[in-house]
Amino acid sequence: MNDDIPTGRKNAFADRYGSVFGRQQGLMLKMAGLASSECSASGPWIEDSAGARWLDFGSFGVHLLGHGHPQVAQALTAQAARMGLSSKILANEPIVAAAERLLALGGEPLDGIILANTGSEAVEAALKLARIATGRRRILAFRHAYHGRTPGALSVSHGYERHGALLTDGQSSFIEVGDLRAVEAALATGAYAAVIIEPVQGEGGIRPVTTAFLQALRELTRAHGVRFVLDEIQTGLGRTGQLVCPVAPDIRLLGKVLGGGMFPVAAALFDSAQFGAAARDPVVHASSFAGSPMAGAVVNAVLDVVTEPSFAPRVARLGERCRELIAERVGRHPTVAQVRGEGFMIGVEFKDMGDAGQMIIEAAKRKLLIAFCLTAPNVVRVYPPAVIDEPTLMDGIERFCASVAALPSRDPLPSKEPLANA
Ligand code: PLP
């Protein structure tokens with residue numbers, strides 16, 4: 001660990017950050033011990049301007065391939081030297097090849113694709129396709145869901161009604177995951193265009209959804225002529241230990257890992273038979289930047305890596321080991337409520353939000369980068385990159401457990417008996 005850089009200099013950087021991005025944000029960086037500037041990165045490691053090395057177990061799900069993956073970097077730089085963004089008039093080979101491969105990965109009956117630059121944009125495309133194809137307006141989502149920050153995506157993200165969501169006038173509704181009866185009652189109204197769900201709810205607190213529930217949603221949506229959207233932007237391409245969810249949707253969304261940690265790319269793969277004229281409209285969703293040769297080159301390199309036969313099974317195996325280790329080491333710590341997740345998508349739920357916040361600070365002291373879930377800030381996520389070697393992975397888990405152990409115990413004598421006169 002390198003703590004040589006004077007605190008004053010670190011704080012000056014955080015102050016500059018705060019002056020352009022918000023004072024509160026600058027203060028938070030300082031308080032959390034995260035006031036240094038990241039400047040280079042390789043694999044699971046980030047180096048800051050003072051030369052300190054941070055182990056990156058955070059990155060909001062983007063860096064499953066770590067930083068600077070050599071195959072992705074090579075593809076990106078070689079393509080950049082040839083051609084960067086598209087003319088949008090001529091088509092390009094890298095993106096066509098990438099689209100063909102993504103559709104093969106997405107599985108039957110997906111045969112159409114919209115490329116986007118961010119996950120939120122892919123969500124917007126999915127909502128738009130479903131509304132145009134069905135002529136209906138409402139979207140059914142779930143409690144603890146998160147689908148992005150653009151206004152349409154916010155409208156199907158639980159708890160964001162006052163953050164600029166567009167469909168607030170009763171056009172989106174949120175049902176508890178598992179409550180099939182409520183789903184059926186809603187769909188029977190004939191008002192819904194789509195149901196959207198994540199196979200593991202990420203920002204809502206790392207909550208795995210059972211395959212049986214997803215399959216039941218598939219059947220119910222089909223029975224009611226409603227489009228079924230699986231948002232695999234955070235879970236897809238190996239994060240959970242499998243490349244895609246085994247249930248066949250009408251639209252499958254991918255993002256985050258798709259960019260290989262280097263280039264923003266997302267995609268909506270769809271079953272054109274379900275979307276009529278909207279599916280045939282080449283500009284139903286369009287973007288100046290999306291579908292570029294650069295994006296194509298990156299996606300092809302990412303697919304080369306994640307479709308290696310050992311890639312996803314290794315994440316599944318090591319993820320289970322990490323989850324078990326964390327549960328064994330700190331699962332009974334008085335601040336911890338539960339350890340859960342799939343693959344390298346692990347969540348540790350703290351009983352108190354303050355402890356989760358303190359955890360980020362303790363981890364920063366140990367040069368481990370972790371983050372909490374956006375809408376469940378009492379849940380801290382452990383997201384190692386898949387490219388990590390086992391000793392470094394265990395080193396990170398050790399730093400994580402040591403950080404939990406360093407938390408002050410708020411409730412040293414847990415009692416099941418209610419306190420008299422409390
Ligand atoms: N959908 C899910 C499940 C996500 O987790 C996220 C981001 O965290 C998004 C959509 C939005 O993606 P982006 O941040 O690339 O817009």
Return the [atom1] to [atom2] distance between [X] and [Y], rounded to the nearest 0.5 Å.
X	Y	atom1	atom2	value
Leu217	Gln215	CG	CD	9.5 Å
Met345	Thr235	CE	OG1	6.0 Å
Glu124	Thr150	CD	OG1	3.5 Å
Tyr383	Phe60	OH	CZ	9.5 Å
Glu100	Ile95	CD	CD1	11.0 Å
Thr221	Ile196	OG1	CD1	12.5 Å

Taking side chain to side chain donor-acceptor pair (under 3.5 Å) as the test, write out the residues that go with Glu320, two or more places apart. none

Glu176 meets the side chain to side chain donor-acceptor pair (under 3.5 Å) criterion, sequence neighbours left out, with Arg143

Check whether more than 12 heavy atoms from other residues, nucleotides or ligands sit under 6.0 Å from atom [atom1] of [X], and answer yes or no.
X	atom1	result
Met28	CE	no
Arg317	CZ	yes
Met83	CE	yes

Please tell me whether Tyr146 and Tyr160 form a close aromatic pair, meaning their ring centres lie under 6.0 Å apart. yes

Whether [Y] and [X] form a salt bridge (side-chain N of Lys/Arg under 4.0 Å from carboxylate O of Asp/Glu) is what I want to check.
X	Y	value
Arg321	Glu390	yes
Glu342	Arg323	no
Asp48	Lys367	no

Using a 3.5 Å cut-off and no angle test, enumerate the donor-acceptor pairs between side-chain atoms of residues 268-280 and protein atoms at least two apart in sequence or in another chain.
{"unit_1": "Asp271", "atom_1": "OD1", "unit_2": "Ala273", "atom_2": "N", "d": "3.2"}
{"unit_1": "Ser272", "atom_1": "OG", "unit_2": "Asp111", "atom_2": "OD1", "d": "2.9"}
{"unit_1": "Ser272", "atom_1": "OG", "unit_2": "Asp111", "atom_2": "OD2", "d": "2.8"}

